[in-house]
Amino acid sequence: QKRILKGEWRLESWRGIATDAGFNSLLASDMYRHLSGSAHSSSLSILQFKQSMKKNEQKLLIGSSMNILNIVAANLIYEYCELHPRAKTALGADPEGGRRVENWIQLGRA
């Protein structure tokens, strides 16, 4: 907070933030690189997208992004449940859902 109040907005890299959040450092690095390349339309990501369209392989191309989103969503669900006891109770009432959340969290930290 002190640094932000002094005008120092750029506190840490996205990789550092992901690592501090408990993500595996390799996943944090690869996740940033993959999402950044897709978001900023690098020439490589455009080429990959064009090739996937020709080969009808769009599902394969978005698979890694979907896995990353599942990991992030599972962590969000866990943290939300820690803040809100009723949500934690609801998740506890769904054993399969709870196992899925735990599996995705563990995958992101492995």
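Identified under the salt bridge (charged side-chain N to carboxylate O under 4.0 Å, His left out) test for residues 66-75, with sequence neighbours left out: none. The side chain to side chain donor-acceptor pair (under 3.5 Å) pairs that include a residue from residues 68-78 are Asn75-Arg109, where partners are two or more places apart or lie in different chains. Counting only residues at least two apart or in different chains, salt bridge (charged side-chain N to carboxylate O under 4.0 Å, His left out) contacts with residues 68-79 are absent. Here salt bridge (charged side-chain N to carboxylate O under 4.0 Å, His left out) pairs that include residues 83-94, with residues two or more places apart or in two chains, are Glu82-Lys88.
In this structure Ala87 satisfies the side chain to side chain contact (heavy atoms under 4.5 Å, CB included) test together with Tyr80, Cys81, His84, sequence neighbours excluded. For Arg100, the salt bridge (Lys or Arg N to Asp or Glu O under 4.0 Å) partners two or more places apart in sequence, or in a different chain, are Glu96. In this view, Leu107 and Ile71, Trp104 satisfy the side chain to side chain contact (heavy atoms under 4.5 Å, CB included) rule, not counting sequence neighbours. In this structure, the side chain to side chain donor-acceptor pair (under 3.5 Å) partners of Glu102, at least two apart in sequence or on a different chain, are Gln106.
Cluster annotation: Ile105 and Ile68 are assigned to distinct hydrophobic clusters (Ile/Leu/Val/Met/Phe/Trp/Tyr, side-chain heavy-atom contacts under 4.5 Å, transitive).
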